[in-house]
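So that the names make sense, note that chain A is the first sequence line, chain B the second, and so on, each numbered from 1.
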2 protein chains.
Amino acid sequence: MKTKQSGPIGRPRGFDADDALERAMLVFWEHGYEGASLARLTEAMGISAKSMYAAFGNKEELFHKALERYTEGPSAYLARALEEPTALGVATAILAGAVRTTTRPAHPHGCLGVQGALAASDSGRGVRDLLAAWRNNGCSRLRERFQRAVDDGDLPPDTDPGLLARYITTLAFGIAVQAASGVGRDELQEMADAALRTWPLL
Amino acid sequence: MKTKQSGPIGRPRGFDADDALERAMLVFWEHGYEGASLARLTEAMGISAKSMYAAFGNKEELFHKALERYTEGPSAYLARALEEPTALGVATAILAGAVRTTTRPAHPHGCLGVQGALAASDSGRGVRDLLAAWRNNGCSRLRERFQRAVDDGDLPPDTDPGLLARYITTLAFGIAVQAASGVGRDELQEMADAALRTWPLL
DNA sequence: CGACTTCTGCAGCGATCGCTGCAGAAATCG
DNA sequence: CGATTTCTGCAGCGATCGCTGCAGAAGTCG
């Protein structure tokens with residue numbers, strides 16, 4: 001319900017908030033929540049600390065919005081994968097997406113949802129819990145998708161969808177750790193292929 | 001070659017350095033390298049900052065020694081697992097050890113080698129790289145063990161030991177992430193069991 | 001134009017960071 | 001014992017942390 005058809009009165013901000021958020025996301029991705037200082041963030045965003053606070057609230061809110069951006073951007077392969085017609089297709093797309101996203105050249109290696117804040121000091125507990133919920137949410141959505149596959153007869157009726165979802169997400173998170181360790185894309189993709197070669201038997 | 005049979009001259013330190021290191025390891029484990037402040041570390045160790053520096057050098061050296069302690073303690077299951085007689089036994093023991101260690105009650109959840117410093121600021125780059133090397137070293141030792149299994153005929157001759165080692169370590173690191181997210185021990189162990197049920201076919 | 005609103009750059013807040021100088025206490029030597 | 005050596009507690013170092021008050025610039029309104 002937008003009542004004003006022209007922009008808000010007053011001086012408009014002199015930077016592109018979307019661009020700035022994208023750059024902030026990359027800094028969080030590379031250095032983690034607590035490892036990304038305001039100085040480094042604002043420098044990458046091309047704005048002053050004051051402008052960042054005016055536009056995004058504070059560091060934690062900035063991270064929240066950066067995580068949303070990450071979910072809709074680099075991590076969008078998950079939502080797309082869930083729409084694959086078969087459970088095997090879903091699993092294959094998720095692992096391939098994880099490998100691709102965590103080993104993109106000229107991008108930080110690893111996954112923001114994993115290395116954003118696995119362990120943290122007290123001040124980072126909020127973000128750490130947010131990311132834990134983010135990861136568990138991904139697992140839950142996958143479980144629901146596999147449940148549907150069981151209902152549809154795509155997976156054997158004795159399949160445990162929760163266990164299967166936990167297995168695939170465990171591999172995906174493990175891939176993110178390996179990528180952060182510098183393991184290359186090809187090796188991880190080969191490993192993902194091998195892991196799904198025994199598919200119907202899990 | 002110890003030449004002095006009596007202790008060194010001068011006042012001996014008034015605390016147990018082994019105890020202090022153990023407590024420091026637990027703090028690093030829970031909060032990560034950068035998330036563990038000197039104040040929190042020294043409080044847990046029961047000594048002053050000055051004593052810590054005299055005994056361990058600085059924060060980074062303290063972390064190095066804490067990681068050694070972790071390797072010989074909570075993570076000793078890896079070395080034990082490598083001595084299992086069969087490759088399947090090795091893999092089973094590694095995953096079971098990972099599940100147990102990352103979900104121990106009254107201990108930090110997750111793995112120090114993973115959440116100690118996955119992403120970090122500039123000042124944590126040394127430790128981040130150290131941990132990446134630590135993880136890759138575990139993978140290499142597992143690969144060598146699987147290579148031996150191939151040579152001994154325990155694994156089929158067309159098995160790729162590197163790929164298999166990468167798969168098992170990926171699962172182990174994924175388990176560490178899941179544990180850090182609060183996933184319970186039983187669910188993870190069930191998942192590990194299921195992952196190895198198709199063993200000879202990878 | 002003048003009135004109004006918002007954004008921007010500067011400077012700096014209090015708190016915490018890892019780390020250390022100093023003086024005295026405490027232990028081991030001859 | 002005195003001499004020597006090391007450890008300990010206190011206080012505080014400079015740097016950085018996330019964050020903000022203020023004044024003026026810069027834009028949108030009637």
TODO: Could you say whether A:Glu60 or B:Ile47 is positioned toward the 5' end of DNA chain D, judged by the nucleotide with the nearest heavy atom to each?
DONE: B:Ile47
Task: Parallel, tilted or perpendicular: rings of B:Trp134 and B:Tyr70 (30°, 60°) - done: tilted
Task: Contact nearer the 5' end of DNA chain C, comparing B:Pro12 with B:Ser37 - done: B:Ser37
Task: Test log, rule side-chain contact (heavy atoms from CB on, under 4.5 Å), inputs A:Val183 and B:Arg166 - done: CA-CA 10 Å; A:Val183 180; B:Arg166 197 59 81 182; 3.3 Å; yes
- [ ] Choose from C:dG18, C:dC7, C:dA27 the nucleotide whose nearest atom is closest to any side-chain atom of B:Lys59.
- [x] C:dG18
Open item on the list: Check the orientation of B:Tyr33 and B:Phe63. Use parallel for under 30°, tilted for 30 to 60°, and perpendicular for over 60°.
Closed with: perpendicular
- [ ] Give one of base, sugar-phosphate or nothing for B:Ala36, where a contact means two heavy atoms less than 4.0 Å apart.
- [x] sugar-phosphate
Task: Reference residue B:Phe173; test side chain to side chain contact (heavy atoms under 4.5 Å, CB included); the match among B:Val177, B:Thr169, B:Leu171 - done: B:Thr169
TODO: For salt bridge (charged side-chain N to carboxylate O under 4.0 Å, His left out), just list the numbers for A:Arg148 and A:Asp151, CA-CA rounded to whole Å, side-chain angles, deciding distance to a tenth of an Å, and then say yes or no.
DONE: CA-CA 5 Å; A:Arg148 190 155 62 83; A:Asp151 295 342; over 6 Å; no
Pairs: protein N or O with nucleotides 10-14 of chain C N or O, under 3.5 Å:
none

Task: Options D:dG18, C:dC19, C:dT6, nucleotide nearest the side-chain atoms of B:Leu38 - done: C:dC19
Open item on the list: Expressed as a whole number of angstroms, how long is the span from B:Arg13:CZ to D:dG9:P?
Closed with: 14 Å
TODO: Look at the rings of B:Tyr167 and A:Tyr167 and say which category their plane angle falls in: under 30° parallel, 30 to 60° tilted, over 60° perpendicular.
DONE: perpendicular
Task: Interatomic distance, B:Met45 CE vs D:dC7 P [rounded to whole Å] - done: 14 Å
- [ ] Output yes when at least one side-chain N/O atom of B:Ser51 is less than 4.0 Å from OP1 or OP2 of D:dT8, else no.
- [x] yes
